[in-house]
A.B. asks: 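I am attaching a structure below and will ask some questions about it afterwards.
The model shown is predicted, which means the values in this text are computed figures rather than measured ones. By convention here, the first residue in the shown sequence is residue 1. Note: hydrogens, waters and symmetry copies are ignored here, and every other heavy atom, side chains too, is used.
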Amino acid sequence: MELIILLFIAFFIVLYRRNPGENVYRFFVTNVTNIYEKYAPYSFKTVRDKAKELGQEYSSRQYVGQVVIFAGFAGGIAYLYFYSIIWAVIYALVAISFIPYLAYLRCQRVYSEFIFEQIQTYATNVIMEFNTTQSFVKSLEGVRDSGIIENPVLGDIKKMIDMSYQNGTIDQSIEYFNEKYPYYMIKNMHQLFYQITKEGARDAGEALENMSMDIDALVEGVYRDQMDRKNFHGRFIKFGVALFFLILALQYMLQIETYLELIEMWYVQILLHAIIIINAWFLLKGEKYYNADVGVE
């Protein structure tokens with residue numbers, strides 16, 4: 001392990017000597033960014049770009065702050081458990097390696113919130129436009145030209161319009177949009193429009209008004225769920241972090257000399273590693289729950 005640390009230091013020195021006129025940190029960040037842009041999944045690039053556009057992506061300074069906090073916390077916990085600098089360094093590096101995954105979860109949440117808002121706006125305005133035009137395609141054109149819908153939803157609305165004119169029917173366009181955005185409120189609304197267009201449903205105005213009220217109630221429920229998740233998230237993080245410090249109670253009960261003797265035993269070390277891994281997994285599962293499926297009914 002000492003050899004790995006020495007190799008890492010040597011690598012840093014080589015970088016510094018080869019780039020004397022360039023900040024080594026900036027050189028490292030630039031190369032990591034280039035690698036990311038080349039190999040990152042397209043979906044992650046999309047959601048990250050949208051998070052940047054919405055002003056909710058972290059800055060380089062904030063990411064550096066995350067690195068310091070994660071490395072400091074993980075290294076401190078590992079040292080508290082094992083009183084070993086080597087294990088402190090290992091756990092610090094492992095903790096830092098999870099920062100991109102947490103960034104992915106956060107960007108997914110931001111993106112899903114944005115998409116849900118766009119879908120809700122789309123559904124509400126299509127209903128309003130239909131009350132005036134009495135045509136589903138004309139309603140789509142009105143929403144398209146209103147300027148209130150952004151990409152990627154705007155691009156899919158344009159594709160729906162093109163498909164409707166090309167096929168002479170709304171069937172394929174509705175099927176396309178439902179598959180792209182599988183929200184219940186969209187499927188139900190499109191089913192209602194399909195019935196009105198194909199079957200000449202009676203009392204269309206009343207049915208659309210009820211649909212609009214259902215959408216409002218659904219949106220209210222989703223936003224309430226987001227607030228509940230946010231409140232739960234803060235309490236969950238505090239609880240998860242507190243679990244790591246239960247080892248202090250054990251050390252206090254056993255006395256530090258006895259504890260140092262215990263951690264010399266291989267099975268005790270395995271147990272301590274298992275405790276750290278399980279607690280970390282518990283925190284990651286909570287983060288995934290907080291960030292996943294926001295806006296899904």
A.B. asks: Would I148 and Y122 count as a side-chain contact (heavy atoms from CB on, under 4.5 Å) here? Give the steps.
C.D. replies: CA-CA 9 Å; I148 58 176; Y122 159 79; over 6 Å; no
A.B. asks: Determine, step by step, whether R106 and E57 satisfy the salt bridge (charged side-chain N to carboxylate O under 4.0 Å, His left out) criterion, reporting the C-alpha distance in whole Å, the side-chain angles of both residues, the deciding distance to 0.1 Å, and the verdict.
C.D. replies: CA-CA 9 Å; R106 188 185 66 257; E57 168 64 330; 2.8 Å; yes
A.B. asks: Look at the side chain of Q56 and the backbone N and O of A51, then say whether any donor-acceptor pair between them is shorter than 3.5 Å.
C.D. replies: no
A.B. asks: So, for V268 and I263, which heavy atoms are closest and what is the spacing to 0.1 Å?
C.D. replies: CG1-CA, 4.1 Å
A.B. asks: At what distance, to the nearest 0.5 angstrom, does CH2 of W266 lie from CG of L271?
C.D. replies: 11.0 Å
A.B. asks: When rounded to the nearest 0.5 angstrom, what distance separates CD1 in I174 from CE in M163?
C.D. replies: 10.5 Å
A.B. asks: State the CG-CD1 distance between N279 and I276, to the nearest 0.5 angstrom.
C.D. replies: 8.0 Å
A.B. asks: Classify the ring geometry between F98 and Y101 as parallel (under 30°), tilted (30 to 60°) or perpendicular (over 60°).
C.D. replies: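 Rings of F98 and Y101: perpendicular, over 60°.
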A.B. asks: When you measure from the side chain of Q118 to the backbone of E150, do you find a donor-acceptor pair of N or O atoms at a distance under 3.5 Å?
C.D. replies: yes
A.B. asks: What about the rings of Y289 and F236, do their centers lie closer together than 6.0 Å?
C.D. replies: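 Between Y289 and F236, the centre distance exceeds or equals 6.0 Å.
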A.B. asks: To the nearest 0.5 angstrom, please state how far the CD atom of Q66 sits from the CZ atom of R61.
C.D. replies: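 Rounded to the nearest 0.5 Å, the CD-CZ separation comes to 14.5 Å.
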A.B. asks: Between Q62 (side chain) and S59 (backbone), is there a donor-acceptor pair under 3.5 Å?
C.D. replies: yes
A.B. asks: Do the two ring centres, one from H273 and one from F82, sit under 6.0 Å apart?
C.D. replies: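 When the ring centroids of H273 and F82 are compared, they turn out to be within the sub-6.0 Å range.
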A.B. asks: Minimum heavy-atom separation for S173 and S164, please, with both atom names.
C.D. replies: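 Smallest heavy-atom distance, with atoms named: OG-OG, 3.1 Å.
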A.B. asks: Applying the side chain to side chain donor-acceptor pair (under 3.5 Å) criterion to N291, which one of R109, H233, R229 satisfies it?
C.D. replies: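 That would be R109.
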A.B. asks: Using every non-hydrogen atom in the two residues, find where L154 and R144 come nearest and quote the distance to one decimal.
C.D. replies: CD1-O, 3.9 Å
A.B. asks: Please answer whether the main-chain N or O of T121 pairs with a side-chain N or O of T124 as donor and acceptor at a distance below 3.5 Å.
C.D. replies: no
A.B. asks: Quick one: does Q172's side chain get under 4.5 Å of Y176's, heavy atoms only?
C.D. replies: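 Side-chain contact under 4.5 Å: no.
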A.B. asks: From S135 OG over to I170 CD1, what is the distance, rounded to the nearest 0.5 angstrom?
C.D. replies: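 Interatomic distance, S135 OG to I170 CD1, rounded to 0.5 Å: 9.0 Å.
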A.B. asks: So, do P152 and F114 sit near enough that their side-chain heavy atoms are less than 4.5 Å apart?
C.D. replies: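 Of all side-chain heavy-atom pairs linking F114 with P152, at least one is under 4.5 Å.
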A.B. asks: Atom OG in S139, atom CG in N125: separation rounded to 0.5 Å?
C.D. replies: 10.5 Å
A.B. asks: Just checking, is any N or O donor in the side chain of Q251 or Y81 under 3.5 Å from an acceptor N or O on the other one?
C.D. replies: no
A.B. asks: Looking only at heavy atoms, what is the nearest atom pair of A95 and A74, with distance?
C.D. replies: CB-CB, 3.4 Å
A.B. asks: Go through the side-chain N and O atoms of T169 and D171 and say whether any donor and acceptor fall under 3.5 Å apart.
C.D. replies: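 There is such a pair (donor and acceptor under 3.5 Å, judged by atom type) between the side chains of T169 and D171.
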A.B. asks: Is there a ring-ring contact (aromatic ring centres under 6.0 Å, His included) between F130 and F193? Walk through the geometry before answering.
C.D. replies: CA-CA 9 Å; F130 188 85; F193 279 121; 4.9 Å; yes
A.B. asks: What about Y79 and V67, same hydrophobic cluster or not, with Ile/Leu/Val/Met/Phe/Trp/Tyr joined at side-chain heavy-atom distances under 4.5 Å?
C.D. replies: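 Hydrophobic grouping puts Y79 with V67.
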A.B. asks: Restricting to ring pair (Phe, Tyr, Trp, His ring centres under 6.0 Å), what partner residues turn up for F70, sequence neighbours left out?
C.D. replies: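 Residues passing ring pair (Phe, Tyr, Trp, His ring centres under 6.0 Å) with F70: none at all.
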A.B. asks: I'd like to know if M128 and M160 are part of one continuous hydrophobic network [Ile/Leu/Val/Met/Phe/Trp/Tyr, side-chain heavy atoms within less than 4.5 Å].
C.D. replies: no
A.B. asks: Hey, do the aromatic rings of F177 and Y183 have their centres closer than 6.0 Å?
C.D. replies: no
A.B. asks: Is any side-chain heavy atom of Y267 less than 4.5 Å from a side-chain heavy atom of L262?
C.D. replies: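 Side-chain contact under 4.5 Å: no.
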A.B. asks: Using the rule given for side-chain contact (heavy atoms from CB on, under 4.5 Å), can you reason through I247 versus I77, listing the C-alpha separation, both sets of side-chain angles and the distance that settles it, and then say yes or no?
C.D. replies: CA-CA 9 Å; I247 195 68; I77 290 296; over 6 Å; no
A.B. asks: Would you find more than 12 non-hydrogen atoms of other residues, nucleotides or ligands less than 6.0 Å from F239 atom CZ?
C.D. replies: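 Open.
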A.B. asks: Keeping S212 on the side-chain end and E209 on the backbone end, is there a donor-acceptor pair under 3.5 Å?
C.D. replies: no
A.B. asks: For residues Q108 and Y104, is any side-chain donor paired with an opposing acceptor at under 3.5 Å?
C.D. replies: yes
A.B. asks: Quiz question: by atom type and distance under 3.5 Å, do the side chains of E175 and H190 form a donor-acceptor pair?
C.D. replies: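 Per modelled atom types, E175 and H190 side chains form no pair under 3.5 Å.
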A.B. asks: More than 12 foreign heavy atoms under 6.0 Å from CD of E179: is that the case here?
C.D. replies: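 No, not enclosed.
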A.B. asks: Count I, L, V, M, F, W, Y as connected when their side-chain heavy atoms are under 4.5 Å apart, and connections chain through other members. Are F244 and Y252 then in the same cluster?
C.D. replies: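 They do not share one cluster, since no chain of ILVMFWY contacts under 4.5 Å joins F244 to Y252.
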A.B. asks: On a heavy-atom basis, which atom in K50 and which in N151 lie closest, and how many Å separate them?
C.D. replies: NZ-O, 3.5 Å
A.B. asks: Is the shortest side-chain N to carboxylate O distance from K138 to E129 below 4.0 Å?
C.D. replies: no
A.B. asks: Is it possible for you to say whether M213 and M189 belong to one hydrophobic cluster, with membership spreading through side-chain heavy-atom contacts below 4.5 Å?
C.D. replies: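 In one cluster with M213: M189, no.
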A.B. asks: Within a strict 4.5 Å, meaning less than it, do heavy atoms of the D49 and E53 side chains meet?
C.D. replies: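 They are not in contact (no side-chain heavy atoms under 4.5 Å apart), so the answer is no.
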A.B. asks: State plainly whether one hydrophobic cluster holds both I278 and F282, where clusters connect Ile, Leu, Val, Met, Phe, Trp and Tyr through side-chain heavy atoms under 4.5 angstrom apart.
C.D. replies: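 No, because I278 and F282 fall into different hydrophobic clusters, even though each may have its own neighbours under 4.5 Å.
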A.B. asks: Please confirm whether K230 makes a cation-pi placement over Y290, using NZ or CZ under 6.0 Å from the six-membered ring centre and within 45° of the ring normal.
C.D. replies: no
A.B. asks: Evaluate side-chain contact (heavy atoms from CB on, under 4.5 Å) for L54 paired with Y111, printing each intermediate quantity in order.
C.D. replies: CA-CA 9 Å; L54 296 173; Y111 188 74; over 6 Å; no
A.B. asks: Determine whether L254 and L250 satisfy the following criterion, side-chain contact (heavy atoms from CB on, under 4.5 Å), listing intermediate values before the conclusion.
C.D. replies: CA-CA 6 Å; L254 294 178; L250 178 62; 3.6 Å; yes
A.B. asks: Quick one: does any side-chain atom of N178 pair with a main-chain N or O of P182 as donor and acceptor, under 3.5 Å?
C.D. replies: no
A.B. asks: Considering all heavy atoms of both residues, which atom of I215 and which atom of M185 are nearest to each other, and what is their separation?
C.D. replies: CG2-SD, 3.9 Å
